[in-house]
Amino acid sequence: MQEQELLEALMHTPEAGLSALMNQYAGLVRAVVRRRLSADVFCSADVEGCVADTFSEFYLELDRYASEKGSIRSYLCVIARNKALDLLRRRYRERNLLPLDEALVRETAEDSLECGLEEAEMRRAVLAAVKEFAEPDREILLRKFYLGESSREIAEKLTLTVSNVDTRTHRAVKMLQKKLKEWRESP
């Protein structure tokens with residue numbers, strides 16, 4: 001079914017339109033979600049939940065979809081990726097774990113397919129630089145910028161003061177900027 005036909009079906013006969021949308025894109029959406037969620041941590045119910053949430057969000061936010069900005073396929077992939085990352089972050093927060101190597105390396109590698117080669121190289125450089133930091137700075141950076149935790153949450157988990165977390169974050173970001181500047185200038 002063509003994209004315009006799918007959109008019309010979703011607007012006029014939502015049940016049939018959603019069914020057609022799922023028939024056409026469920027495999028793709030499932031593959032995007034599985035790439036983000038490792039099988040040793042997430043069960044098939046988690047994957048299927050993300051897939052269902054993806055289609056649900058697409059339908060509920062249908063008025064936000066703009067065909068001139070991208071295809072339904074790409075829009076669904078973005079939603080699926082974001083849903084999977086949200087679940088990944090939520091699960092790691094619940095278990096108080098950091099998905100350092102596995103999840104970050106996987107995300108960086110997959111991003112090279114979705115973004116330009118230069119941007120993917122930059123992400124790899126950032127990840128490599130962050131891995132060189134000593135604890136607790138490394139964990140603070142990952143929690144702050146990857147998991148999106150607040151300074152207060154990080155301070156509680158690492159038994160530091162909020163001021164200490166903010167100071168360490170500021171210093172680490174300055175060091176990262178210096179390393180990335182050197183990386184850009186290197187041949």
Side-chain angles (χ1 to χ4, degrees), residues 1-94 98-130 141-149 176 180 183-184:
M1 191 177 265
Q2 297 295 322
E3 287 194 3
Q4 192 57 38
E5 293 171 335
L6 277 173
L7 292 173
E8 287 176 19
L10 284 165
M11 287 184 232
H12 300 298
T13 55
E15 208 170 290
L18 200 51
S19 178
L21 183 72
M22 291 175 75
N23 286 337
Q24 191 162 338
Y25 293 109
L28 172 69
V29 170
R30 193 172 290 108
V32 169
V33 170
R34 278 191 182 139
R35 274 192 290 165
R36 299 284 178 183
L37 305 179
S38 67
D40 58 329
V41 177
F42 298 93
C43 65
S44 60
D46 293 325
V47 172
E48 292 307 316
C50 269
V51 170
D53 289 348
T54 298
F55 288 107
S56 176
E57 182 172 321
F58 181 82
Y59 176 72
L60 293 173
E61 303 290 331
L62 191 57
D63 58 328
R64 294 180 64 198
Y65 170 70
S67 59
E68 62 274 357
K69 289 185 179 179
S71 66
I72 290 175
R73 180 180 202 266
S74 61
Y75 196 68
L76 283 169
C77 287
V78 169
I79 294 172
R81 182 193 67 197
N82 291 341
K83 289 289 180 192
L85 286 174
D86 288 347
L87 178 60
L88 180 73
R89 289 179 182 122
R90 192 169 49 251
R91 187 66 50 88
Y92 280 107
R93 277 188 196 131
E94 288 169 0
L98 285 178
L100 176 61
D101 293 328
E102 181 186 337
L104 288 178
V105 169
R106 185 183 316 128
E107 182 174 343
T108 301
E110 289 172 6
D111 284 343
S112 66
L113 300 173
E114 298 168 7
C115 63
L117 187 58
E118 186 175 332
E119 186 177 340
E121 284 299 315
M122 176 65 81
R123 288 173 190 248
R124 283 190 201 95
V126 169
L127 177 59
V130 168
L141 286 174
L142 292 171
R143 288 184 177 279
K144 185 98 169 159
F145 298 109
Y146 180 70
L147 295 177
E149 292 181 2
L176 261 178
L180 291 176
W183 177 79
R184 283 186 182 140

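- Of the inter-residue distances, the one linking Leu7 atom CG with Gln2 atom CD reads 11.0 Å to the nearest 0.5 angstrom.
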Walk me through it: do Leu21 and Ile72 pass the test side-chain contact (heavy atoms from CB on, under 4.5 Å)? CA-CA 9 Å; Leu21 183 72; Ile72 290 175; 3.8 Å; yes
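- Leu62 contributes atom CG, which lies 5.5 Å from atom CE of Met11 (distance to the nearest 0.5 angstrom).
- For the pair Tyr75 (side chain) and Gly70 (backbone), a donor-acceptor distance under 3.5 Å is absent.
- By the salt bridge (Lys or Arg N to Asp or Glu O under 4.0 Å) test, Glu61 pairs with Arg64, sequence neighbours left out.
- Of all heavy-atom pairs between Tyr59 and Pro14, the closest is OH-CB, 3.2 Å.
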Evaluate the criterion side-chain contact (heavy atoms from CB on, under 4.5 Å) for residue pair Leu76 and Thr54; output intermediate values, then yes/no. CA-CA 7 Å; Leu76 283 169; Thr54 298; 4.0 Å; yes
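- Between Glu3 and Arg73 there is no salt bridge, since no side-chain N of the basic residue sits under 4.0 Å from a carboxylate O of the acidic one.
- Note that the CG atom of Asn23 and the CG atom of Leu6 stand 10.0 Å from one another [nearest 0.5 Å].
- For the side-chain hydrogen bond (donor to acceptor under 3.5 Å, both in side chains) test, residues two or more places apart in sequence or in another chain that qualify with Glu57 are Lys83.
- The closest donor-acceptor contact from the side chain of Tyr25 to the backbone of Phe55 lies at 3.5 Å or more, if one exists at all.
- The line from CG of Asn82 to CZ of Arg36 is 8.5 Å long, rounded to the nearest 0.5 Å.
- Once rounded to the nearest 0.5 Å, the distance linking CZ of Arg34 with SG of Cys50 reads 12.0 Å.
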Could you walk me through whether Glu48 and Arg30 pass the side-chain contact (heavy atoms from CB on, under 4.5 Å) test, one step at a time? CA-CA 7 Å; Glu48 292 307 316; Arg30 193 172 290 108; 2.7 Å; yes
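- Counting heavy atoms from C-beta outward, Leu18 and Phe58 have side chains that stay 4.5 Å or more apart.
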If you apply the rule side-chain contact (heavy atoms from CB on, under 4.5 Å), what do you find for Cys77 with Val29, and how did you get there? CA-CA 6 Å; Cys77 287; Val29 170; over 6 Å; no
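- The two residues Leu10 and Gly17 make their nearest non-hydrogen contact at CD2-C, 3.4 Å.
- For Thr13 (side chain) and Ala9 (main-chain N/O), a donor-acceptor pair under 3.5 Å exists by modelled atom type.
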